Engineer: 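Right, I'll just put the structure down here and ask away after.
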Amino acid sequence: MTTENSDKTPASEQELRDTMVQQLIELGAARSPRVVAAFRSVPRHLAAPDEDMAKVYEPEQAAITKTDANGTHISSVSAPRIQAMQIEQADVQPGMSVLEIGSGGVNAAYLAELVGEQGHVVTMDIDADVTSRAKEFLKATAYRNVTVITADGENGVPAHAPYDRIIVTVQAADIPPAWIHQLTEGGRLVVPLRMRGMTRTIAFVRDGERLVSDGFELCGFVPMQGAGENRMRLALIHDTEGEEIALRLDGHPEPDTEALGAALQAPRTTAWSGVTLAGDESNEQLDLWLTTALDNLPLMAAKPEARQRGLVASASPLGVPTLVDGSSFAYRTVRPTDDPDRFELGAIGHGPEGQKVAELLVEEIQAWDSDRRDHRAHIEVYPAGTPDDQLPAGRIIDRPHTRVTISWP
Ligand SMILES: C[S@@+](CC[C@H](N)C(=O)[O-])C[C@H]1O[C@@H](n2cnc3c(N)ncnc32)[C@H](O)[C@@H]1O
């Protein structure tokens, strides 16, 4: 099979895969030779037959396969970069038994390559349409060491447990007990875990009833359905059609949306930190520090139109950390510096106390820079009901099954 590339020369499937793999290596997403080899072999375009083949091999391109009645994406073939990143986090070895929660076929095929004939992959999805597509894909690509199951991932798949690795490819707000109990001691669970609105794909190692983080990466995933469904609530502070601006609430206090909406219309104030980030530097650690240090910091989501109209100075699909205090708020922003590769972090405030709130946010940006910038946040998961004095110091996030802690050793 061939496709056209930009100079109209047909690019073969293998060329597309080789180019994708090269890009994944350059992005740092695929690092180990066995992961590179797996990504070089699986014909992922067969899982998205309606998509342009070249697109399916673009590292950042997810192929959306299902959308719900509200327009939220609920199923996709994840982007190659995200898949490679999670598979590297999982450190999958030959002969292992692996459970994938959230199916599609492609990721299961990569995992099947990595565990080899002596290993076994179980891939599950709550949606029968998804599992039937995954089955077709795995049949067409002749991966025989994969079992496809339709069920809610909340309960794992006890029949094939224990697993050396569990990889979750859907956003979770909590860790159900089955994921811990079906994992071998010392086994790894890789999960896009949402913590106060911020999602990181975290590699956890099981230590008895506790999970201990061994690295995490910034990511976005479709939300969990079924028993573990726990969507964020949107509190609209500006609701003009097409320009909506909202705060995503994830355990945060209920905001006074009317007062905050009025504050947004009033002139803004700014505070600058003197702290700079390189253009390609991620906010993943800074934002976790901010949510550890500040109690009322939901993420602000704004439609691109609101940004274009100048209603907000910063917007990101992942949301912008926003400190709320009564009728005032301030959100993180950046401005250019004399060095074209660096940006200065600051805050934009609105409302009667806007300047004060912006300065508070900036103080925490400075605190991160002076004391935490060389540290990595450490995330642990304990069963619900674990007393506070048995938890590490830092931010505690209470969920129905677990207490998640973010600390800064
Ligand atoms: C991003 S897609 C998975 C992509 C896939 N791993 C691949 O090969 O690219 C997320 C999937 O999670 C599924 N899902 C959502 N909630 C679930 C649950 N409770 N149990 C199992 N699957 C779930 C959705 O139906 C969706 O197909």
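Computed from a prediction, not measured in an experiment: that's the story for all the values here. Order of appearance sets the numbers: ligands from 1, and atoms from 1 within every ligand.
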Engineer: Checking side-chain contact (heavy atoms from CB on, under 4.5 Å) against L290, which of I365, N283, T322 comes through?
Structural biologist: I365
Engineer: Is E281 salt-bridged to R373, cutoff N-O under 4.0 Å?
Structural biologist: yes
Engineer: Using a 4.0 Å cut-off on heavy atoms, what residues surround ligand 1? Order them by chain and number.
Structural biologist: I74, S75, S76, V77, S78, Q83, E100, G102, S103, G104, G105, V106, N107, D125, I126, D127, V130, A151, D152, G153, T169, V170, V222, M224, Q225
Engineer: Any ion pair linking R395 and D295 (charged N to carboxylate O, less than 4.0 Å)?
Structural biologist: yes
Engineer: Relative to each other, are the rings of H45 and Y57 parallel, tilted or perpendicular (30° and 60° limits)?
Structural biologist: tilted
Engineer: Show me the donor-acceptor pairs, under 3.5 Å and distance only, between side chains in residues 224-236 and residues at least two apart or in other chains.
Structural biologist:
| unit_1 | atom_1 | unit_2 | atom_2 | d |
| --- | --- | --- | --- | --- |
| N230 | OD1 | R194 | NH2 | 3.4 |
| R231 | NH1 | D68 | OD2 | 3.4 |
| R233 | NH2 | E254 | OE1 | 3.1 |
| R233 | NH2 | E254 | OE2 | 2.3 |

Engineer: Would you check if the side chain of R206 reaches a backbone N or O of L183 as a donor-acceptor pair within less than 3.5 Å?
Structural biologist: yes
